[in-house]
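The figures here come from the full heavy-atom set of this structure, side chains too, leaving out hydrogens, waters and symmetry mates.
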Amino acid sequence: VDDIAKRLTDHKKAKNVYNVSPSISPDGGQIAYLTNNLSYFDIDLIDAVTGKKIKKLIKGSRSLDFEELKFLQPGISWSPDSKNIVVAAKAGKSDVLHFIDIETKKSKKYELGLDGVFSAAWSPNGSDIAFVGQSGASSDIYIFNLDTEQKRKITDDVFSDSYPSWNSEGTEIAFVSDRGSFISGEFDGEMYNHDYGQTDIYTVNANDGFIKRITETKYNESHPVWANEENIIFYTADYNGVWNLFLPPLDSATDSYPITNVLTGLQQPTISKDNSMIIFAGYANIGWDLYSMSNPCLLYTSPSPRDRG
């Protein structure tokens with residue numbers, strides 16, 4: 001990983017294993033991320049360019065309000081003015097959305113009445129939070145509105161949806177799903193006949209719920225992130241068994257293609273508002289660290305033809 005990107009954290013120096021779930025602030029100055037301290041997970045802030053630690057924002061697992069930060073389905077997201085973050089966490093008997101002022105560290109939580117809450121994403125409009133809500137066996141994309149303090153379902157079916165990411169206009173949400181060719185969510189077959197282990201990238205209109213399929217491969221895709229000034233979605237895929245950073249096809253005649261080729265895997269990309277850098281969590285030397293790669297949109301050119309099998 002160090003051959004293609006700049007390392008921003010050092011798990012060996014920090015004597016930990018996990019530095020993951022990065023989220024770069026809209027002003028490009030800071031990165032909020034999950035880091036483990038012994039058996040606890042915290043949220044720290046670092047400088048987006050140098051990686052220098054700014055402050056510890058949240059100490060997880062030490063209080064009832066932050067009983068459990070969502071390590072397995074992380075999601076930290078910034079307000080458009082770079083003054084607050086939102087994160088899903090377990091607080092007491094239920095999962096909540098926490099809104100945290102990065103200056104004062106004061107937080108406000110909203111209980112949503114769901115079995116599980118994961119992967120919050122703050123809309124560029126400043127008022128809407130997309131998140132994954134679990135009710136029963138399946139999970140769907142929801143939107144919570146800060147003005148009305150009400151939630152509404154955006155997807156509503158038997159499939160599992162995850163990792164929402166807004167486009168720059170706040171009109172569409174990219175997400176990961178195991179719905180396969182049942183794009184609208186309508187499914188009248190036997191559940192045991194469907195491959196729930198296969199995931200692809202889709203988008204859904206935040207207003208009318210119209211869903212569009214973005215990827216259709218034999219391997220898995222995850223963690224979409226929308227470029228802020230281009231109609232481009234970066235995502236990770238496990239082509240060849242290792243997770244790397246991919247771009248979607250330029251047109252119907254080309255295939256999606258990798259822009260990294262690391263041997264140890266990477267996940268959870270986040271991109272700056274001006275698209276000048278993409279930050280991701282990469283695995284190397286028995287630990288996860290944050291890395292920065294410059295000008296990722298310049299890599300969006302037609303690849304040489306190749307047979308992907």
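Looking at K56, K55, K59 one by one, the single match for salt bridge (charged side-chain N to carboxylate O under 4.0 Å, His left out) with D42 turns out to be K56.
Taking both residues in full, the closest heavy atoms of T270 and V225 are given as CA-CG2, 4.2 Å, listed atom of the first, atom of the second, then distance. Closest approach of C297 to A227, counting heavy atoms only: SG-CB, 4.0 Å. Contact record, A206 with I173: CB-CD1, 4.5 Å, taken as the closest heavy-atom pair.
When atom types are taken as modelled, the side chain of S168 and the backbone of N228 share a donor-acceptor pair closer than 3.5 angstrom. For the pair E221 (side chain) and T236 (backbone), a donor-acceptor distance under 3.5 Å is absent. Checked by atom type and distance alone, the side chain of T260 pairs as donor or acceptor with a backbone atom of L245 at under 3.5 Å. The main-chain N or O of A121 is found under 3.5 Å from a side-chain atom of W166 such that the two form a donor-acceptor pair. Within the 3.5 Å criterion, the main-chain N or O of G170 finds a donor-acceptor partner in the side chain of N167. A donor-acceptor pair under 3.5 Å is absent between the side-chain atoms of D128 and the main chain of S123, judged by distance alone. Side-chain N or O atoms of N16 include one that pairs as donor or acceptor with a backbone N or O of N36 at under 3.5 Å. Using a distance-only test at 3.5 Å, with no hydrogens or angles considered, no donor-acceptor pair links the side chain of N19 to the main chain of L290. Judged by distance alone, with hydrogens and angles left aside, the side-chain atoms of S119 form no donor-acceptor pair with the main-chain N or O of G75 at under 3.5 Å. Side chain of D101 to main chain of K106: no donor-acceptor pair is present (N/O by atom type, distance under 3.5 Å, no hydrogens or angles).
Between N84 atom CG and E103 atom CD the span is 10.5 Å, to the nearest 0.5 Å. Put simply, CD1 on I279 and CD on Q268 are 13.0 Å apart, with the number rounded to the nearest 0.5 Å. With rounding to the nearest 0.5 Å, the separation of CZ in F246 from OG in S222 is 13.0 Å. Interatomic distance, S135 OG to D140 CG, rounded to the nearest 0.5 Å: 8.5 Å. Distance check, rounded to the nearest 0.5 Å: CG of L114 to OG of S139 gives 11.0 Å. Annotation: the span from Y235 atom OH to T199 atom OG1 amounts to 11.0 Å, rounded to 0.5 Å.
Within a 6.0 Å radius of NZ in K108, no more than 12 heavy atoms belonging to other residues, nucleotides or ligands are found. Around NZ of K153, the count of heavy atoms belonging to other residues, nucleotides or ligands within 6.0 Å exceeds 12. Within 6.0 Å of the NZ atom in K212, the count of heavy atoms belonging to other residues, nucleotides or ligands does not exceed 12.
Between F280 and Y291, the two ring planes are parallel [angle under 30°; tilted spans 30° to 60°]. Ring orientation note: the planes of Y110 and F144 are tilted relative to one another, at an angle of 30° to 60°.
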Before you tell me yes or no, could you show the steps for D289 and T9 under side chain to side chain donor-acceptor pair (under 3.5 Å), namely the whole-Å CA-CA distance, both residues' side-chain angles and the distance that decides it to 0.1 Å?
CA-CA 5 Å; D289 281 302; T9 62; 2.7 Å; yes
Using the side chain to side chain donor-acceptor pair (under 3.5 Å) rule, take T35 and D44 through it: C-alpha gap first, then chi angles, then the decisive distance, then the call.
CA-CA 7 Å; T35 181; D44 283 4; 4.9 Å; no
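Electrostatic pairing of K52 and D47 does not count as a salt bridge here, judged by no charged N lying under 4.0 Å from a carboxylate O.
The shortest side-chain heavy-atom distance between I154 and D161 does not fall under the 4.5 Å cut-off.
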